[in-house]
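Presented below is the structure to which this report refers.
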Amino acid sequence: MSENEQTLSGIVERVVFHNEENGWTVLELAAEEELHKVVGVLPATHAGEQLKLTGSWVEHPKFGRQFRAQSCEHHLPTDTDAVFRYLASGAIKGIGPVTASALVQAFGEDTLRVIEEEPERLAKVKGITARRAGEIAKEYREQFGLREIILAFSGYGLTQSEALRCWKRWGASAVETIRANPYLLCSAGLYISFERADEIGKSMAHPQDATNRIEAGLLHVLRHNLGNGHTCLPSEKLVIAAAGLLQVEPTEVAAVLQDMVAGFSVREEVIKDRPFIFLPDLYQAEKYIASRIRLMTGVHTAISKNFGQRIAEIEKKNNIVYENQQKEAILAAVERGALILTGGPGTGKTTTLRAIITLLESLGERVEIAAPTGRAAKRMSELTGCEARTLHRLLEVQWDESDRPFFERNEKNPLDIDALIVDEVSMVDALLFESLLRALKGGCRLILVGDTDQLPAVGAGSILHDLIRSNALPVVQLTEVFRQALTSDIVAGAHRIVAGEMPEFSKKDGDFFFLPMPSAEETAQTVVDLCQRRLPAGYGTSLLQEIQVLCPGRKGVVGTVQLNAALQEAFNPPSTDKKEWQGAGTLFREGDKVMHIKNDYDIGWKRDDGTYGTGVFNGDIGILESISPRDLVLTVRYDDRVATYTYDQAQELELAYAITVHKSQGSEFHTVVLPLYRQPKQLCYRNLLYTAVTRAKTVLVMLGSRETVGSMVENNREMLRYTGLEHFVYQAERMFV
C-alpha cells in the first residue's frame, strides 16, 4: 500500500448506485459509528456485507467527502440480521424480502452456507420449489465466481477493474481462458499492455515461439506504431520489428502473419506493389473516409447564382475588399460539397472564414464550427465571433463498458446542421475523422481548415496531407500575405522558415528577437531571467498568464523537465504557506502553472457563477490553487472554473511553465520564449520550428544557437507516416468512373 492510501472497514448499509457494465458503485458504509459514502469499481457488492477497502478520501465538488476505493476484500454477513439484509437487498436473483425472511427463520446464520452447499434443503421452505432452489444456488455460485476471478487475477497483478473486464468478456471461464492463452490479456478493450501479458505468460512457462505469443507481438507492434502516426506498416518492416521484440525467427513471424491475414484479424493491402498490414479498425476508417469524401465531392450544393453580388454586399457592409484567392475560397465553400482551405499566418484565413459563415447563414443554413482541442476551439470562437466546440463535444462523446469512447452522433443520429467548418485539421487523426464523417447527414457541407506546414496529428493518420495529395477535394491555398500582417516580424519569420530561409535576426526592435547563447546552461538561465525580469519589465506580461516557454523536447538542459524545475524554483519556491504533492515523478506546489495532458470527461468543476459541469481537456492550462493532504485532492483554476482532482486523477497533470511544441498545437500565446540549443537530431526539423514560431501572437523571443536554428530550417524532411488514405481515394475514384 502506498503512503497516500488508507483503509476503511465496515458493513454495507445501502447500495445507492451500481453500473452493471463497468462495476462502478456508490454505497453507504457503516464504519466506526459513522455512515460514509464510498465510490469505486465494486462488482457484486450488496447490503449486509462486510468490506475492507483500500483507497483514499476525496472531496467531490458537488457530492462532498467520499472514500474512493481502489481494492476491496469481501466478507459475507455472519449474524442473522445482516444475512437478512443481504438477501432482502436483491443480492441473489429470485430472493426478495419475504423469501429472505422465510430462509433466515429456517436456517438462521447458516443460511448462506445452505444455499451454497445444500441447496436441496431450500425446497423445504414454503413457497420454494426444487427448481427454484436450483436457480437460487446457480445465481449464488455465479455471483461468487466473479469474486473468485478477481481474487485469482490479483495474483497476476491485475486490478479489480481489469479483472471485471476479463470476467465480462469470458465469464466464469475467464481464469481458465487466460491460463490457456495469457496473451488474450492484451487484446483490444482490456487495456493491459503486451509487456504485462508477456510477463504473465513467462510466469506460466508459455513457449517463446507459441503462435498466440507471435500473434500478440504482431498486434502490439501495429498498435505501438499508431502512436508514431502510422495507420499501417509495410509487411516486411512489421515482421522484422516483431521478430526482434519476440526474439524468434522472422520466418516464423511471417508464417503467423499470413495466417492472421487469412483469418482477417489484420488486413493486407498492396499499395504501389508493396504489401501493407493494417489493424482492422484503421483499415475500415481510411476506406470509409475515402468513399465518403468521394460521395461528398460528387454533390453540387449551390442553391443560388448571385454569389458575386452577395460577396460584394458583405464587402461593403464590413468595409473590406477580398483578394482573389479569398473570393475563390468563399465561392468554393458554397458551390461545392466540400473544401480544403489552407494558408500560413497573415494570409487571411480567418477573414475568409467569417465571410463564408456570413454567406452561408444568409442562405438560411445552420453552420457549426469545431476544432480538435479545447484551446483551439476557444481560439476559433474569439477569432470568428461564433461559438466553436471541440469535435468530441460536437459528436457527443460517451463511454462504453470498457471505458472506450464512442459518439452519440453517427449515421443513425446525424448532426442537424447544413455546414461544418473544422479548424486545425492537421491535428485530426483517422479514427476521429471517420467518426466525424459518419455524423454528417447527406448534403452537409464540409470545410476543412488547416496549415500544411504545421506538425501532424498526435494520433494515427495524415488526413490533411493525404486528402490534398490525392486531389480528392477542391483546395484553396491562401498564399498572399497581407501588408498589415507583414509588419509583424513573427509572420515574416514564419514565412521565411517555410521557404527554407533563416528568419531575419538583425532587427533590434519589433516583435521577433533572437538572443545568441554560448551554452545550453546559459540558455536555460536566460530563459528564467527573461520570464522573471526582462519580459515583465518590458511588456507587463506574466509567466502565469501571457508568457509561454516552448521547447522542442522534454529532455536535456533546455527541455521541459529541467526548465520547469528551474522556473518553478524561481517563480514558486518552497514556502511554509504552500502545500506540496509528489505525483508521477513531479513535485507540485500550490500556485504552480499546470497543464492537463489528456481528455478526461469525468473530472468535476464548478464555475464562478455556481454552475457545475464535468470534463477537462488535453492542453488546458491553469493554476494549481490548493492541495489537501487530508482529503487527498487538489484544485486547479482554468479561467472561470475550478476543477477538483483526486490524487489519482492528478496524474494527468504536468507543470506548464514550459511545454513541448507538440503540446502547443492549436494554441496561441501573447509571448513565446523558444530556447533552441543543440537539440537532438530527431527534433531538428522545419515543421517543428514553424509550428513553434506561429504560436506567438505578439512577442517571440528565440534564444540559443544559430546553428541549431539553421539546421531546423534546412531540414525539410516530412514526418514519414505510413497511411492508406491516398491509395483508397484513388480506388474510390475508379469505382465511380
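A donor-acceptor contact closer than 3.5 angstrom is absent between the side chains of Thr384 and Arg354. For the residue pair Asn618 / Lys663, a side-chain donor-acceptor distance below 3.5 Å is found, with atom types taken as modelled.
Side-chain contact check for Glu195 versus His220: some heavy-atom pair is nearer than 4.5 Å. Looking at Leu543 and Gln532, their side chains never come closer than 4.5 Å, going by heavy atoms from C-beta outward. The shortest side-chain heavy-atom distance between His392 and Pro372 does not fall under the 4.5 Å cut-off.
Aromatic pair Tyr645/His596: ring centres closer than 6.0 Å. Aromatic ring centres of Tyr638 and Trp605 lie farther apart than the 6.0 Å criterion allows.
No donor-acceptor pair under 3.5 Å is formed between the side chain of Thr611 and the backbone N or O of Arg607. Between the side chain of Arg695 and the main chain of Thr691, a donor-acceptor pair closer than 3.5 Å is present. Proximity of a side-chain donor or acceptor of Ser381 to a complementary backbone N or O of Ala377 within less than 3.5 Å is detected.
Ring geometry, Phe514 versus Phe505: the interplanar angle falls under 30°, so the pair is classed parallel (tilted spans 30 to 60°).
Minimum interatomic distance between Val549 and Cys531 (heavy atoms only, all atoms of both residues): CG2-SG, 3.6 Å.
For the side chain to side chain donor-acceptor pair (under 3.5 Å) test with Asn572, the passing option among Lys578, Glu590, Arg589 is Lys578; the others fail.
Judged as a ring-ring contact (aromatic ring centres under 6.0 Å, His included), and not counting sequence neighbours, Phe433 has no contacts.
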